[in-house]
There are 2 protein chains.
Amino acid sequence: MKYDIDQTCKILKALSHPDRLKIVIGLYHDECNVSSCQKKMGLPQSTISQHLKTIKEAGICVSMRKGNQVCYKVVNEFAIEVIKIIEG
Amino acid sequence: MKYDIDQTCKILKALSHPDRLKIVIGLYHDECNVSSCQKKMGLPQSTISQHLKTIKEAGICVSMRKGNQVCYKVVNEFAIEVIKIIEG
DNA sequence: GGAGAATAATATAATAATTGAATAAAGAAA
DNA sequence: TTTCTTTATTCAATTATTATATTATTCTCC
């Protein structure tokens with residue numbers, strides 16, 4: 001096994017919600033902040049923020065504060081491989 | 001997108017439970033019936049059977065009756081690609 | 001019919017999703 | 001420095017879904 005089963009399941013679970021999967025795919029192409037995700041997705045800010053928290057806790061992305069914004073970036077290798085499969 | 005987001009999420013969700021992921025990886029290498037899964041996993045028959053139902057409903061595998069047993073087989077292309085990534 | 005195998009039904013506990021409201025943090029401006 | 005604006009997070013409450021065991025039923029072969 002290249003990847004640990006339990007750790008992998010956490011990532012799969014985080015990716016298994018359509019809104020979160022769309023957010024992660026979006027972040028993979030354009031690192032961005034909460035409100036630009038919000039505009040893309042058309043969901044309340046708190047909902048986006050909670051999804052980002054889930055994504056971050058799964059280790060899929062990291063966040064960096066830049067002034068009054070927080071920029072999110074996908075860093076997990078396994079998640080990136082899954083995104084590549086989905087995009088074909 | 002090679003794969004549909006909503007359909008993909010159903011598969012990811014089904015794979016996101018450690019026991020189910022182990023079952024699917026096992027089935028990918030050795031198609032087998034409920035009781036041989038049960039012996040491998042050490043879980044009650046009904047639990048295995050319910051996991052297999054979830055896996056089947058997500059479209060990951062199909063089942064074929066062979067006498068008084070039912071043989072499960074992984075058929076979903078996306079799921080197979082994910083397994084290959086996990087195994088490295 | 002009886003044994004073994006699979007599925008269905010039910011119940012309960014645990015976990016996840018959703019979102020308005022409150023809070024915090026940074027920057028700009030009075 | 002105090003206040004306002006923008007951006008983001010956390011809280012809290014509700015609702016929905018999932019996990020699992022137990023029990024009962026169905027199916028297939030002998």
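Labels below follow one simple rule: chain letters A, B, ... track the order of the sequence lines, proteins then strands, and each chain is numbered from 1. All heavy atoms count here, side chains included; hydrogens, waters and symmetry mates do not. From a predicted model like this one, the values you see are computed outputs, not experimental measurements.
- In this entry the distance linking CD of B/Gln69 with C1' of D/dC29 reads 11 Å, nearest Å.
- Here the rule is side-chain contact (heavy atoms from CB on, under 4.5 Å) with A/Val82, and of A/Leu15, A/Leu21, A/Asn76 only A/Leu15 fits it.
- Nearest nucleotide to the B/Ser35 side chain, out of C/dA6, D/dT18, D/dT7: C/dA6.
- Within 6.0 Å of NZ on A/Lys73 lie no more than 12 heavy atoms contributed by other residues, nucleotides or ligands.
- Rounded to a whole Å, the NZ atom of B/Lys10 is 11 Å from the P atom of D/dT18.
- Residue B/Asn33 is tested with B/Gln69, B/Gln38, B/Arg65, B/Lys66 for a side-chain hydrogen bond (donor to acceptor under 3.5 Å, both in side chains); the sole match is B/Gln69.
- Residues from residues 41-60 of chain A that place a heavy atom under 4.0 Å from any atom of DNA chain C, listed by number: A/Pro44, A/Ser46, A/Thr47, A/Gln50, A/His51.
- For residues 54-84 of chain A, the pairs satisfying ring pair (Phe, Tyr, Trp, His ring centres under 6.0 Å) are A/Tyr3-A/Phe78, with sequence neighbours left out.
- Atom CG of B/Asn68 is separated from atom C1' of D/dC27 by 9 Å (rounded to the nearest Å).
- Other residues, nucleotides and ligands contribute at most 12 non-hydrogen atoms within 6.0 Å of the NZ atom of B/Lys53.
- Here A/Leu27 contributes atom CG and A/Ile60 contributes atom CD1; the two are 10.0 Å apart, rounded to the nearest 0.5 Å.
- Near DNA chain C, meaning a heavy atom under 4.0 Å away, the residues from residues 15-25 of chain A are A/His17, A/Arg20.
- Hydrophobic clustering keeps B/Met64 apart from B/Ile80 (ILVMFWY residues linked when any side-chain heavy atoms are closer than 4.5 Å, directly or through intermediates).
- If you take OH of B/Tyr72 and P of C/dA5, they are 14 Å apart, rounded to a whole angstrom.
- Residue B/Lys13 is classed as a sugar-phosphate contact, given heavy-atom separations below 4.0 Å to backbone atoms only.
- Following rounding to the nearest Å, B/Met64 (CE) and D/dT28 (P) show an atom-to-atom distance of 16 Å.
- Connection of A/Val24 to A/Val75 is not established within any shared hydrophobic cluster, with ILVMFWY side chains joined at heavy-atom distances below 4.5 Å, either directly or through further cluster members.
- For the pair B/Met1 and A/Ile25, the minimum side-chain heavy-atom distance is below 4.5 Å.
- Residue B/Arg65 contributes atom CZ, which lies 16 Å from atom P of C/dG4 at whole-angstrom precision.
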